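Below you'll find the structure, written out as structure tokens, and then a few comments.
These numbers come from a predicted model, not from an experiment. Counting starts at 1 for both ligands and their atoms, following the listed order. For this chain, numbers begin at 1 and follow the sequence in order.
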Amino acid sequence: MTNIIQSSSTRRIQYSILRAALASILLLGAARLLFDELKNDDESFLWRFWWQQGSGLNERISTGTADKDFEDEEDIEDCNVFEGKWVWDNVSHPLYTEESCPFLVKQVTCQRNGRPDPYYQFWRWQPNECNLPRFNARKLLEMLRNKRMMFVGDSIQRTQFDSMVCLLQSSIPNGKKSLQKVPSKKIFHAQDYNASIEFYWAPFIVESNSDHSTNHTVVKRSITHPDDVREYNVTTAYKMALQTWANWLESSINSQKQKVFFMTLSPTHLWSWEWNPGSDGNCFGEFYPIKVPYWGVGTSIDISRIVQDTLRELKVTYVNVLNITQLSDLRKDAHTSVYTERKGKLLTKEQRADPTNFADCIHWCLPGLPDTWNEILYAHLIQEAWI
Ligand SMILES: *[C@@H]1O[C@H](CO)[C@@H](O)[C@H](O)[C@H]1NC(C)=O
Ligand SMILES: *[C@@H]1O[C@H](CO)[C@@H](O)[C@H](O)[C@H]1NC(C)=O
Ligand SMILES: *[C@@H]1O[C@H](CO)[C@@H](O)[C@H](O)[C@H]1NC(C)=O
Ligand SMILES: *[C@@H]1O[C@H](CO)[C@@H](O)[C@H](O)[C@H]1NC(C)=O
Ligand SMILES: *[C@@H]1O[C@H](CO)[C@@H](O)[C@H](O)[C@H]1NC(C)=O
């Protein structure tokens, strides 16, 4: 096993999540084999963000925004927005385009990178029992006035951050918005609102040997723990990591002022035999979402249970779980596939012709699926504003 002992006066344990991941969360292991050389080959493990309130939300909303803005509100309070279906809607979606968002990175601009079909952009998530409210950038900016919204996690989380920036930026005039990159962070600032939307690189959300923004190991990725030097299987390691995080929440979050969301695992589509028995491809060449109820092999019930148990045991902090795993599992069509970059360079024609080795079935195109995650997040934030 590949334990890296850190030089530290206190004894530290490094329990490798990765090796264990090969056993229980298959997607992590395969991701590593396929994307060893990838620059941003951070697999989705777990991620969350917290939202810091500077001042009273209700007060701000009642004074800051015209009533008519709220007329089209959809009520999601008694509705499980994560149960539903994907419907074709090329009228309301996508919510922005590659051309209209100057902040998109080339890792995700699939159209520009040569993807022949535009279909993945035209799907809208339709919950069974309610409608998601229409994303209103000005309304969200008003809610975020004098606040920070921070996305913490890995590259999947970063894509959600990029999506949020694109969703918001079009309602802010040039010169009144900026995107800043500092090590481990990306910060979007909306001047007139004194609002910042931030991404913070912390792939395991607890201390790990992969926390440096550029110089992070992939093969030997592990998290640090202050007890002793031991290895644990992935479920145990995950539980310990989440518990460490939960303890931090309990001692550090002021629920009056800070709101915490936890995003569940982002699924992968590395093996087409999962949804198309007998085939041996991956997400490459997939043009449509899966229509039938579907659970990928990477969607671990154990992990879900750990999340639920850990969060249920919290005493002072309330964490809102955004359970996007299942709805995303259906979107085998929404990955960047070969229309992306590797080591900072777009794939060459030859590499694109070799999807077996080069398709990225972990990350997602923008505009695309992560916009839906943000539409759901938006629905929750708007809902909160009413309570
Ligand atoms: C939207 O989709 C419908 C049904 O596939 C198609 O007939 C129509 O041309 C599309 N409209 C646009 C603007 O792409
Ligand atoms: C601007 O926003 C920050 C939070 O990001 C807050 O601490 C600060 O008080 C705000 N400034 C004003 C003038 O309200
Ligand atoms: C990257 O990190 C490793 C391990 O911490 C260190 O030995 C190495 O010098 C670092 N490389 C650079 C270019 O900073
Ligand atoms: C992981 O380890 C724990 C504690 O040693 C054990 O109870 C559990 O069954 C193991 N899980 C797997 C999937 O091996
Ligand atoms: C997410 O939703 C799925 C399907 O509804 C459920 O089985 C799973 O337990 C949920 N996970 C969490 C962490 O709530």
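Within ligand 2, counting atoms from 1 as listed, the ones closer than 4.0 Å to a heavy atom of R148 are 5 (O).
Listed for the D371 side chain is a donor-acceptor partner under 3.5 Å among the backbone atoms of G368.
At a threshold of 4.5 Å between non-hydrogen side-chain atoms, the residues Y193 and N146 do not count as touching.
Checked against side chain to side chain contact (heavy atoms under 4.5 Å, CB included), K106 has the following partners two or more places apart in sequence or in another chain: T109, E341, L346. In this view, N128 and E83 satisfy the side chain to side chain contact (heavy atoms under 4.5 Å, CB included) rule, not counting sequence neighbours. For N276, the side chain to side chain contact (heavy atoms under 4.5 Å, CB included) partners at least two apart in sequence or on another chain are S279.
Ring pair H363/H335: centre-to-centre distance not below 6.0 Å.
Checking only distances, S196 never comes within under 3.5 Å of ligand 2, N or O to N or O.
Using a cutoff of 4.0 Å between basic side-chain nitrogens and carboxylate oxygens, D162 and K186 are scored as salt-bridged.
For ligand 1, the 4.0 Å heavy-atom shell contains residues W88, N90.
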